[in-house]
Protein chains: 4
Amino acid sequence: MTTIGILTSGGDCPGLNAVIRGAVLKGSEVHGQEFVGFLDGWRGLVEGDAMPLDRSRVRGLSHEGGTILGTSRIGPFQGPQGGAENIARTLERLGVDAVVAIGGEGTAAAAQRLFDEGIRIVGVPKTIDNDLDQTDYTFGFDTAVEIATEAIDRLRTTGNSHKRCMVLEVMGRNAGWIALHSGTAGGAHAILIPEHPESIEQICEWTNSVRERGRAPMVVVAEGFTLPDMAQAHSTKGMDGFDRPRLGGIAELLAPMIQERTGIETRATVLGHIQRGGVPTAFDRVLATRLGMAVTDLVADEQWGHMVALHGTEIVRVGFDEALVDHKSVPAQRYQEMRVIFG
Amino acid sequence: MTTIGILTSGGDCPGLNAVIRGAVLKGSEVHGQEFVGFLDGWRGLVEGDAMPLDRSRVRGLSHEGGTILGTSRIGPFQGPQGGAENIARTLERLGVDAVVAIGGEGTAAAAQRLFDEGIRIVGVPKTIDNDLDQTDYTFGFDTAVEIATEAIDRLRTTGNSHKRCMVLEVMGRNAGWIALHSGTAGGAHAILIPEHPESIEQICEWTNSVRERGRAPMVVVAEGFTLPDMAQAHSTKGMDGFDRPRLGGIAELLAPMIQERTGIETRATVLGHIQRGGVPTAFDRVLATRLGMAVTDLVADEQWGHMVALHGTEIVRVGFDEALVDHKSVPAQRYQEMRVIFG
Amino acid sequence: MTTIGILTSGGDCPGLNAVIRGAVLKGSEVHGQEFVGFLDGWRGLVEGDAMPLDRSRVRGLSHEGGTILGTSRIGPFQGPQGGAENIARTLERLGVDAVVAIGGEGTAAAAQRLFDEGIRIVGVPKTIDNDLDQTDYTFGFDTAVEIATEAIDRLRTTGNSHKRCMVLEVMGRNAGWIALHSGTAGGAHAILIPEHPESIEQICEWTNSVRERGRAPMVVVAEGFTLPDMAQAHSTKGMDGFDRPRLGGIAELLAPMIQERTGIETRATVLGHIQRGGVPTAFDRVLATRLGMAVTDLVADEQWGHMVALHGTEIVRVGFDEALVDHKSVPAQRYQEMRVIFG
Amino acid sequence: MTTIGILTSGGDCPGLNAVIRGAVLKGSEVHGQEFVGFLDGWRGLVEGDAMPLDRSRVRGLSHEGGTILGTSRIGPFQGPQGGAENIARTLERLGVDAVVAIGGEGTAAAAQRLFDEGIRIVGVPKTIDNDLDQTDYTFGFDTAVEIATEAIDRLRTTGNSHKRCMVLEVMGRNAGWIALHSGTAGGAHAILIPEHPESIEQICEWTNSVRERGRAPMVVVAEGFTLPDMAQAHSTKGMDGFDRPRLGGIAELLAPMIQERTGIETRATVLGHIQRGGVPTAFDRVLATRLGMAVTDLVADEQWGHMVALHGTEIVRVGFDEALVDHKSVPAQRYQEMRVIFG
């Protein structure tokens, strides 16, 4: 009988609970595994703070956002109880044979290091930004895109009524996937992503061209987008003459710049934390459930140091090391094919 | 044959198109009225800029957000073409016999003045904030509350996963109706509205008490809420030592104050323009349709200077002058009955 | 210290849990009341089957559909343990001082009889059909209307693509409120309700007129609607030559009749149980919360034999006897004002 | 300058308008193509009934369900004007150089035959059932799954309140994809699909086991599912003693069988046409937009006889002939991995 300890680490994602449910239901039924949940990510593992996870605890969880285990941004090598050696002792003390770590790039890197130092650990990839390499999609991403798209649908009508330009800021610090997909779905007139700089002049050209045909421009911008000369941009914002670091997000920077240059009344909206909470889409629940079920096979096969991933319609296995080679940025071709219809 | 000119003025609201549709479909069928639409609120009336509004133009509009007529914040007394005398001439020139003005308090005040100066005008009340007296509800309000409630539902799960306090800012400059209703629906642990000041100490007491029982505090704040000593609050925010006017909204002011005083990680979300766009709720579509239909009876009865309103389940008639006496604030009793379960 | 036993009876409604939560949170805080929940409606009361209901049990319930107490259609006078005398003994044995019965007309009638026989009982009105007199709206109704309206929005696009007539059957055995409101919100071309018979010829006239202008007719019908000569209608359906009772709903009866008479391909959809489940709208959560809170005042004031109700924007108190005098049907005027724009 | 005629054929799908929009915006901008739309599928092509499709006509369409071109189930070889020779003449007369056919398996087969007979035709795969081989997903499927999942979420709460077994019938005549994905997402206790027969005894075993742990069983069944001995099943339903063909769907057949065998009150809901209408999910809008854009490249490259398809995250090209070799059924492995957690 194998006992598995599950933890969820980093920013939360719609679908985490569905992963946990899928793992517990299948693992207990098919592999005879038992489960505990470490609380608040790596903290629970490091401190040996765990809750029992039986079938009755996880039933009905597939549609619930967040994570019943809690999460944090603490790493497994922090503090006096951290490090592989301590963790190995903690696991033994708790009778936990293997660890399933659900998390993003940082989690995968930490898991790889723990694996290198002898911990029996496998993973489930998680990033709402969809920027993990070696998996087609990560759960949570589809929900975030859906929420952002609904916001665009709403902003479009109010924009048109007032003939305003609406700028919507969505998540995506390093990769513009949420902006690309929600902007495509919502019919945005410009999509701005970290991977592909655009000048303020180009952005204003797009908004002007929308305005000229009598419509209200809709701009979707990923939080990580920067203008080519950001220093200049920043100082533009200083309303009291002082140059100082920007306080708000990129949307709050862009809106007054667009308004000033085009004369189109422009409003910024920052979607923020709404994108990562609440009921997951069916797509994310299915993906998360399948990943959760598949990770129990990884444990049964003792394929430590690997995580499950989506390739096409199949769940596959990928080594942590492979997953950590590259970020998954929006490829130039994907951006360019949308860019030709901007404006 | 009476020709009616419709205009939509002020901030847009989900339901405006349903009013227009209801008026045109009933007015043409029952009263033999004809319709034109003035573009961009009073501007279209003042400049004589109108579009034809026949049955085929308005069909299928009940579920569309925004207003097909456009809106603006311009008043009817502005500019060289403004004023009752000019407007009377413009109406005569266009063959328009009566005006239906859909708008808020400012619109009602302007309409009252035009009525006093002889313009045949009636009204449909509109304010997303629900702060118009003499009507139980205004359309758009229910949609805004629903959107804010969905946001709370989403924020709750991410708040609980991270054990963060979430502060959500919703609309409501002078009245806290959206905050009160969405906070009630979403099970917020504190609701802060312009009508009822609360100290930062009280707010922190509520959030602490939530935290003590292991949950993540959810605070809903109307944009018009102020702390008793707002000057002190403002200076708290200055990160560079300069005292200066607050740039962000109240949520962005409160969040760091709560975090600093309670030690609970706190995040602000400003819902903004999303609240006023997109598909109206069924409630708002029904209310808007009924108001639009009823206003054609006002015209048929030549009851100028009146607007339609909701009392209980009935559509009634109210003079502009009555409607303008008071704001509809959240009564102390309504706030207190919720306040006892805060925390 | 008063101990209150709550029960939910009859068909479930979105908002039941919000009533329970509102009552427990306010009652315990303001009036020092304690609460238990009787399971499965009157059954739990009759059999003395109850669960504790403290503050922690009800927190977070406002957005959850269904009822944590369960429900059934059993009455309090059924079985050997039923009847006022037995119930009085059961309440005494359990230490329960007062009963809050949340239910519809049957529940109110039973509660009235128990009150007459000395039971300290008060009520909260509940009917998804909105057909209870003495209250403007009942919770659950708004959610049902919203769900039906979303269905109409979806059916409209597929109807138009295929140029089909779509017939949607919604709840409403005796009263057509859900059909009237969702049909109004969804822009239906005909709304058929129990209170106002229409002939199949009239219905076909409406659908034909929609078809003539190139659109797809949308018909919303309450389950309780009947054609003037229903016997004839029924025999029409028998595909094997036998006259026999209709098996399906009214939509499945109407669709082939419309298709046969107009030549328009026609499809029926029966919304069914989806209308009464799931997350309540914000409107219903607010109404349910307010009713739940107010019913604790009824108990504190020992105003037995009364229920809380909505008049305009106020929660008021109504005797069970008053509430039972009449059904709340759709008034002829409300139907006629919509009927003029059918087709 | 190439002129392209687009048609949408077969049952409608959320996303059709996004395909049309994507094709027209990109084709006109990048390839200098012009577009017309044939009305009502192949009928418009056969009869030469087309509408102009310029950029302004398709803007803002990405979020609209249905198809602005209309659809029908007529084939291109029907009637006196049908057949490749006539169609070639019609295309020449209209100045249309190439055809883009958006449709399912029947459309692909017809397009293949037209291609064999010299028509310059390419395709975009469309089936809400997701049963087309050679593409990972078809647009419309994700929306259908989302709608079905929302229905399950709603039915679950009412089922639990009443302790009823709920049976939901979803689309899927030959393939159970919608049932599998929505059932997985919704946490169904049994999923019944055409590819994998289950006996009524097995189904009742699952529902009983759910009931035994105090929950309400949720069964999701694809319309094409059949019981091993369907004849027996049918006769079970005859309430008047006559053996006759089943009138209702599979859910209406199963519900009384489950109720009779288990004693659990059981209710059937047939989701029907709601699944194929209305606003597409963001996923479907993105997929449809990408397919629409990519099909204009097929035309520019004169790669007649091919369609665009999704492989992983890439849009690829597939010959009609390859796409027609196989149906895409739910693989046994995908079903079995879910089946182990039924009950």
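The sequence lines fix the lettering, A, B, ..., with proteins before strands; numbering per chain opens at 1. Note that the structure is predicted; figures quoted are calculated from it, not measured.
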Please round to the nearest 0.5 Å and tell me the distance separating atom CG of Leu155(C) and atom CZ of Arg276(D). 11.5 Å

Work out which heavy atom in Val279(D) is nearest to a heavy atom in Arg154(C); give both atom names and the distance. O-NH1, 3.4 Å

Choice from Thr158(C), Ile68(C), Ile152(C) maximising heavy atom contacts with chain D below 4.5 Å: Thr158(C)

Under a 4.5 Å heavy-atom cut-off, does chain C meet the side chain of [X], its backbone, both or neither?
| X | answer |
| --- | --- |
| Ile147(D) | side chain |
| Ser72(D) | neither |
| Asn160(D) | neither |
| Arg164(D) | side chain |

Top contributor to chain C contacts, counting heavy-atom pairs under 4.5 Å, from Gly272(D), Pro14(D), Cys13(D), Gly65(D): Gly65(D)

Where does Ile274(C) contact chain D at under 4.5 Å (heavy atoms): side chain, backbone, both or neither? both

Can you tell which part of Arg73(C) gets under 4.5 Å to a heavy atom of chain D, answering side chain, backbone, both or neither? side chain

Knowing that exactly one of Leu69(C), Asn17(C), Thr67(C), Asp40(C) qualifies, which makes a side-chain contact (heavy atoms from CB on, under 4.5 Å) with Ser161(D)? Thr67(C)

If only atom types and distance count, is the side chain of His273(C) paired as donor or acceptor with the main-chain N or O of Thr269(D) below 3.5 Å? no

CZ of Arg215(C): more than 12 outside heavy atoms within 6.0 angstrom? no

